[in-house]
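Residue numbering restarts at 1 for every chain, and letters A, B, ... go by the order of the sequence lines.
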There are 2 protein chains.
Amino acid sequence: MFAVYIFVIRTTAPIIMGISERKEREKIDKKQLIRSAAMKMFLEDGYAKTSIRNIADAIEYSPGTIYLYYKDKDELLYEVQRDAYGKLLEEFKAKAKHKDPVKRLMQIGKTYVAFGLANPELYDLMFIIRAPTNVDEELHKDNGGDSYFYLLDCLQECIEKDLLKVTDLNLCALQTWSVAHGLVSLNLRCRLKMMVEEKDMPKVLNDAIESYVKLLIK
Amino acid sequence: MFAVYIFVIRTTAPIIMGISERKEREKIDKKQLIRSAAMKMFLEDGYAKTSIRNIADAIEYSPGTIYLYYKDKDELLYEVQRDAYGKLLEEFKAKAKHKDPVKRLMQIGKTYVAFGLANPELYDLMFIIRAPTNVDEELHKDNGGDSYFYLLDCLQECIEKDLLKVTDLNLCALQTWSVAHGLVSLNLRCRLKMMVEEKDMPKVLNDAIESYVKLLIK
DNA sequence: GTCATTTACTGAACACCATTCATTATGTTT
DNA sequence: AAACATAATGAATGGTGTTCAGTAAATGAC
């Protein structure tokens, strides 16, 4: 009985597996197709103005098909967000790699703010937009953690070498992220228009984060 | 000709003015009725989930009526926001009135963060939500300025008395607001769940803003 | 090679939404 | 009392997210 079972697997498995593997790949491809079309349209027109129908039209499938790959519009957003978090981490790895942790901290801050200014719609998607359906959203717990750990590592090194005026790692990370996020998100919501002219925005925000990091270091 | 004109005004004016004044008052009353119903429902169910129909139902008018008083859902949001900004200023006036400008600055920061924690939906309405229709929104230019000036006044006094490590008033105000807004808005978007437990949130955020103000002072 | 089964997809249907506008009802003026 | 102005209606328009019975194609078993 056992031997027969093995026999069956050995003869049919290669054919079955080859096809099911291809199908698996095609499924992933289609998920990516949907996700990249969605990302493109979210960035161009904003999340709210992008409908499932629009996305379906763009990839030339029916609306129903999207629901075969994503539970709802929210889940699609979350997976698009995950892609976006990767981009920020890439940016950090590319532009914040100074050996001196304090200088790296400064680079991280400036890179973050510049990223938010350069990709407003993307930033919105990542940190500001709330999916209407699931108000609870436990999902963000691990999402985007990698880029946060990049900051955390840097700060830890700073603190270990006793270069900062703050010694509590978590408090320091929270505070630093808050300054950067605050600057970017207040700008994105046009709350700085009353104080800063549009053309001066990059310089002003850059100065603000620079000033903050300088406050932080001994 | 001129005299006759005056005569006409003098006889008819009182009657006309009395009625039109009452009508004016009724109009304002109805606007307020709509606005306060909208505010209540925005806070209870969130902006996105509150429909014009729901609001109309709640005040027992037809949906069309709301459009006689507000151009669209966005305009209603803006006017509700204006009401909300007033609340924050009230909070400042009540809880941040220490004579010592540095201590007052600390009070302002803590009050702001506590306000955001205590009124998450209201805070959302004021600073985070974007009205879907008008992406441009020049409107925020003067909206909510009063509470910002409260901070600005305090910082100016601090700087004049040379109590801070930063001397640029606008930069300092921007930075301070950003820390506070960053803390509140990251929390509201569940981005701190990975680092801080829900029950510790008030203390952690309070510590973070306190630590920041301490960095700022000489 | 044929037939049953699984799989992928469709698109109409459902229950909402914001907004508009011809129509009706009410109050005011002459 | 008739003419007018104002306030309110609610059905209609054109959208939305989501579901699901039905279809067509690919696959597996014989």
Student: How would you label the contact of B/Tyr69 with the nucleic acid (heavy atoms, under 4.0 Å): base, sugar-phosphate, or nothing?
Tutor: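 Result for B/Tyr69 = sugar-phosphate.
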
Student: Which residue, A/Thr65 or B/Ile52, contacts DNA chain C at a nucleotide closer to its 5' end, judged by nearest heavy atom?
Tutor: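 In this pair, the answer is A/Thr65.
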
Student: Given atom NZ of B/Lys49 and atom C1' of D/dT16, what is their separation to the nearest angstrom?
Tutor: 15 Å

Student: Could you tell me the separation between the CG atom of B/Asp45 and the C1' atom of C/dC16, rounded to a whole number of Å?
Tutor: 15 Å

Student: Would you call A/Arg130 and B/Glu121 a salt bridge, using N to O less than 4.0 angstrom?
Tutor: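 Salt bridge between A/Arg130 and B/Glu121, a charged N being under 4.0 Å from a carboxylate O: yes.
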
Student: Do the side-chain N or O atoms of B/Lys30 get closer than 4.0 angstrom to the phosphate oxygens (OP1, OP2) of D/dA8?
Tutor: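 B/Lys30 to D/dA8 OP1/OP2: side-chain N or O found under 4.0 Å.
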
Student: Both conditions, 6.0 Å and 45 degrees, for the charged tip of A/Lys97 above the ring of A/Phe92: are they met here?
Tutor: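 That pair does not qualify as a cation-pi contact.
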
Student: From the options D/dA8, C/dC14, C/dC9, select the nucleotide whose nearest atom is closest to the side chain of B/Tyr61.
Tutor: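 The answer is D/dA8, which lies nearest to the side chain.
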
Student: Determine whether any donor atom in the side chain of A/Arg53 lies under 3.5 Å from an acceptor atom in the base of D/dG15, or the reverse, and answer yes or no.
Tutor: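 Looking at the base of D/dG15, it does not pair with any donor or acceptor on the side chain of A/Arg53 (distance under 3.5 Å).
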
Student: Could you give the CG-to-P distance, from B/Leu68 to C/dT20, as a whole number of Å?
Tutor: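 Rounded to the whole Å, the gap is 11 Å.
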
Student: Do the charged groups of A/Asp124 and A/Arg189 touch, with an N to O distance under 4.0 Å?
Tutor: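 Yes, charged N to carboxylate O under 4.0 Å.
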
Student: Once you round it to whole Å, what is the distance between C1' of D/dA7 and CD of B/Glu60?
Tutor: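 These atoms are roughly 17 Å apart.
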
Student: Reckon B/Tyr67 has a side-chain N or O less than 4.0 Å from the OP1 or OP2 of D/dT9?
Tutor: no

Student: Would you please confirm or rule out a distance under 4.0 Å between OP1 or OP2 of C/dT10 and any side-chain N or O of A/Ser62?
Tutor: yes

Student: Salt bridge or not for B/Asp207 and B/Lys203, using N-O below 4.0 Å?
Tutor: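 Salt bridge between B/Asp207 and B/Lys203, a charged N being under 4.0 Å from a carboxylate O: yes.
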
Student: Counting only heavy atoms not in B/Glu60, do more than 12 sit closer than 6.0 Å to its CD atom?
Tutor: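 Open.
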
Student: Could you tell me how far apart A/Ile66 (CD1) and C/dT10 (C1') are, to the nearest whole angstrom?
Tutor: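 So the two atoms are 13 Å apart, to the nearest Å.
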
Student: Check the phosphate of C/dC16 against B/Asn54, side-chain N and O only, distance under 4.0 Å to OP1 or OP2. Yes or no?
Tutor: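 Looking at the OP1 and OP2 atoms of C/dC16, neither is under 4.0 Å from any side-chain N or O of B/Asn54.
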
Student: Counting only side-chain N and O atoms of B/Ser51, is one of them less than 4.0 Å from OP1 or OP2 of C/dA18?
Tutor: yes

Student: Roughly, in whole Å, what's the span from CG in A/Asp57 to P in C/dT10?
Tutor: 11 Å

Student: Which nucleotide, C/dT10, D/dG17, C/dC17, lies nearest any side-chain atom of A/Lys73?
Tutor: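 Closest of the options to the side chain of A/Lys73: D/dG17.
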
Student: Rounding to an integer number of Å, can you tell me how far B/Tyr47 OH sits from C/dC17 P?
Tutor: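 Between P of C/dC17 and OH of B/Tyr47: 14 Å.
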
Student: Please report, rounded to the nearest Å, how far the P atom of D/dA7 is from the CD1 atom of B/Ile59.
Tutor: 15 Å

